[in-house]
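None of the values given here were measured: they were computed from a predicted structure. Numbers restart at 1 for each chain; the letters A, B, ... are given by sequence-line order, proteins then strands.
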4 protein chains.
Amino acid sequence: MPSAALAAKPTKYDARRDAVVDAAAAVFAEFGYHGAGTGLIAGRVGIRQGSLYYYFASKEEALSEVCLRGVGDFLTGLEDIAQSTMPANEKLHAAILNHLRPVAERPDYVRTFITQRQHLPDASRRSVGRQVRQYEKALTELVRQGIAQSAFRSDLDCELMALAIIGECNAVFTWYGKRAKALSIAQIADAMATRFLKGIAA
Amino acid sequence: MPSAALAAKPTKYDARRDAVVDAAAAVFAEFGYHGAGTGLIAGRVGIRQGSLYYYFASKEEALSEVCLRGVGDFLTGLEDIAQSTMPANEKLHAAILNHLRPVAERPDYVRTFITQRQHLPDASRRSVGRQVRQYEKALTELVRQGIAQSAFRSDLDCELMALAIIGECNAVFTWYGKRAKALSIAQIADAMATRFLKGIAA
Amino acid sequence: MPSAALAAKPTKYDARRDAVVDAAAAVFAEFGYHGAGTGLIAGRVGIRQGSLYYYFASKEEALSEVCLRGVGDFLTGLEDIAQSTMPANEKLHAAILNHLRPVAERPDYVRTFITQRQHLPDASRRSVGRQVRQYEKALTELVRQGIAQSAFRSDLDCELMALAIIGECNAVFTWYGKRAKALSIAQIADAMATRFLKGIAA
Amino acid sequence: MPSAALAAKPTKYDARRDAVVDAAAAVFAEFGYHGAGTGLIAGRVGIRQGSLYYYFASKEEALSEVCLRGVGDFLTGLEDIAQSTMPANEKLHAAILNHLRPVAERPDYVRTFITQRQHLPDASRRSVGRQVRQYEKALTELVRQGIAQSAFRSDLDCELMALAIIGECNAVFTWYGKRAKALSIAQIADAMATRFLKGIAA
DNA sequence: CATGAATGAGGGTTCATTCAT
DNA sequence: GATGAATGAACCCTCATTCAT
């Protein structure tokens, strides 16, 4: 019964490991990669500095893992939307929501990914960079489709639009939870989508 | 008379000192405050590590100075615009241009200010933070005025709008010079203003 | 009856334990005592780091055991030869063979003993050092006997001779198996003995 | 006046640097590379641990430098001898003296080179290894010449001879200064050469 | 002003060792 | 016996900073 073997796959100390990654994400997000001490991370999990290396080979590897989880399913989510049959307007709305939702679910991961990925070791940085560019390209394409379907103005600079959306969404990570009253992610996404759509309607 | 205030500022051995501040801004922007070594800064000016301390009392002070120049006249520029007699539409356009112009003139300073000000010593950080909040408030107010004058839709969340504008402008610092072909700052500002205005028109 | 002595030695769970000691000897020989990690030793036996401590109280104790087996029966072998009735020439040949034979049988143990015994804890080091000096003394005495029997030149410095033989034999451990074609230990011993004897013949 | 420029070549703080290298050599020789703490080295020069890195980029680099000085002019000395017009007998004597002389002049360097070069970083280790093999080859060749000139027995294994000489000489580093009364290097070299020559005379 | 030299605190990391399971 | 997990001391190294020259 292979399914049994799969089901038996021991998640083991993944619980503790996840706690460590969580702590790393939180500390990286708060102090930046180089400003974060491993002792601080360890302290948040209630273990000693050296014990971290039972879970990670290095601080860099911890950053890599955090960033990987941070970049998460941004891309797949967007591609699902792009391939769907929704009209362009709804696609854009969905794309914004797709980008904003992680803000509430794993803010430290995404914040770290956005602001600290430059400190990744070369290999990971390039790998992550490729994903980012692919994401930008997919969003650019989504805008282009909207134009082709005459849903959006034809004089738009598609790439500029994509960067604008990404930039505005990323900025939300900066202040969400601290400012702008107590807006929900859905509300913010609605407002943003509405304004963007009005701004670029054909 | 603002020129008097400027002239009163003691300029002394500014030439060399400015070179040092420039180097610090560049290195902070590239590697982050904690990722930047004083040796690297010194190297870019062609002096040795220890010699830096003829220009700065500490690395923190260097960051403070860079951030101060980074925040620069964002606020005064915006207040000038707010107090002018332009119609709301033009004010918004002017505000965006005011925010974007430094991207071409002193990108390292602004980039450092945006991404590294969290590492300032407590006093400077709070002082700078106050300026930021004041800037946000001024921009929020500018939007509110537009609504009062029936130039913008009345269902806008003013603060959200201000944060959106700021976020989108700041994002430009991330990619300007590397992506989006060879757009000029003015072109970007035009496109952004046009879209924003269409999106929020009454 | 030496076989009785051997049989009396408590053998217990020797099989696995010997495997562990072997691994320790190999790793110590290759990386040196301080360059060898317990994890590496454990890995070679297929167990985990912590499990080593069912076989040893400490890494130092492992080194002690390896060195003890390394020094092995050098001394008793040499004393047997010294007390035999062979002529001096043959005694020297036998002594050289006695010293070289372990090179093929347990090279890692001897190599470790020769190069790493300085890192033994004080007690063991002194104990082992005493054996070494006794060995040197026995060999020195063997040369002295040869002179007394007019088999060797009378102007020899006996201690120097002993050290020379030991040094040359120990050096074999350095290159045996890697260089000097595919000479057998017996061939090397023959060549060495022949030359030494010609060099010191009366 | 180029000679003036050369003479002016500032030896600078080479004096202090040499003291540091000396200390490193001594500590490496006594405790082995991995058994030697940088703090111990620093302590012997009277500076703090971190200050070492003003003179070295890393502990490995210190080992490299020590080994380089350790291997010193063994090779060039031997090549000079080989190319000279001395008879084979004298050449061998000179070669032995050439190998032994450093024992009195820089024992820590040579001891470290002999016993610790395995811990060099890959690049240096291979480079040094090449020198060693060249040295062995040169000595082997010197023996072969002696045979060709009918000065040595024709049934000698030349490589084995070379390794024997090297091994015996290197062994001197082990005990010189501690054992064998108060023999001078010259005396030891004489005794060794005499015996070797008798042992291999045609 | 600038430097060579040094510092000392702290950094990330390794590793022999322990212990409940 | 063996393991996963944790420890704490020590390690090598970096770096902002100081200071006599």
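- Taking atom CZ of D:Arg17 as the reference point, atom C1' of E:dA6 lies 16 Å away to the nearest angstrom.
- Distance from the side chain of C:Tyr54 is smallest to F:dT3 among E:dT13, E:dT7, F:dT3.
- Between B:Lys59 and D:Lys59, the residue anchored closer to the 5' end of DNA chain F is D:Lys59, taking for each the nucleotide with the nearest heavy atom.
- Contacts of B:Ala62 with the nucleic acid, taken as non-hydrogen atoms under 4.0 Å apart, are absent.
- Nucleotide E:dT21: paired with F:dA2 (Watson-Crick or G-U wobble, both distances less than 3.5 Å).
- Phosphate proximity of E:dT7 to D:Ser51: present, with a side-chain N or O under 4.0 Å from OP1 or OP2.
- Closest approach to the C:Tyr55 side chain among E:dT17, F:dG1, E:dT3 is made by F:dG1 (side chain taken as heavy atoms from C-beta onward).
- Contact annotation: A:Arg16 side-chain N/O to F:dA5 OP1/OP2 distance is not under 4.0 Å.
- A salt bridge links C:Arg125 with C:Asp122: at least one charged nitrogen is closer than 4.0 Å to a carboxylate oxygen.
- Within 4.0 Å of B:Gly37, counting heavy atoms only, lie sugar-phosphate atoms of the nucleic acid but no base atom.
- OP1 or OP2 of E:dG8 has at least one side-chain nitrogen or oxygen of D:Arg48 nearer than 4.0 Å.
- Taking the side chain of B:Tyr53 as heavy atoms from C-beta on, and the options E:dT7, F:dA16, E:dT17, the nearest nucleotide is F:dA16.
- Here the nucleotide nearest the side chain of D:Ser58, chosen from F:dA16, E:dT17, F:dC13, is F:dC13.
- As judged by a 4.0 angstrom heavy-atom cut-off over every strand, B:Ala42 is placed among residues making no nucleic acid contact.
- Remark: E:dA9 base-pairs with F:dT14. Criterion, Watson-Crick or G-U wobble with two distances under 3.5 Å.
- Closest approach of A:Arg16 and A:Tyr55 over heavy atoms only: CD-OH, 3.7 Å.
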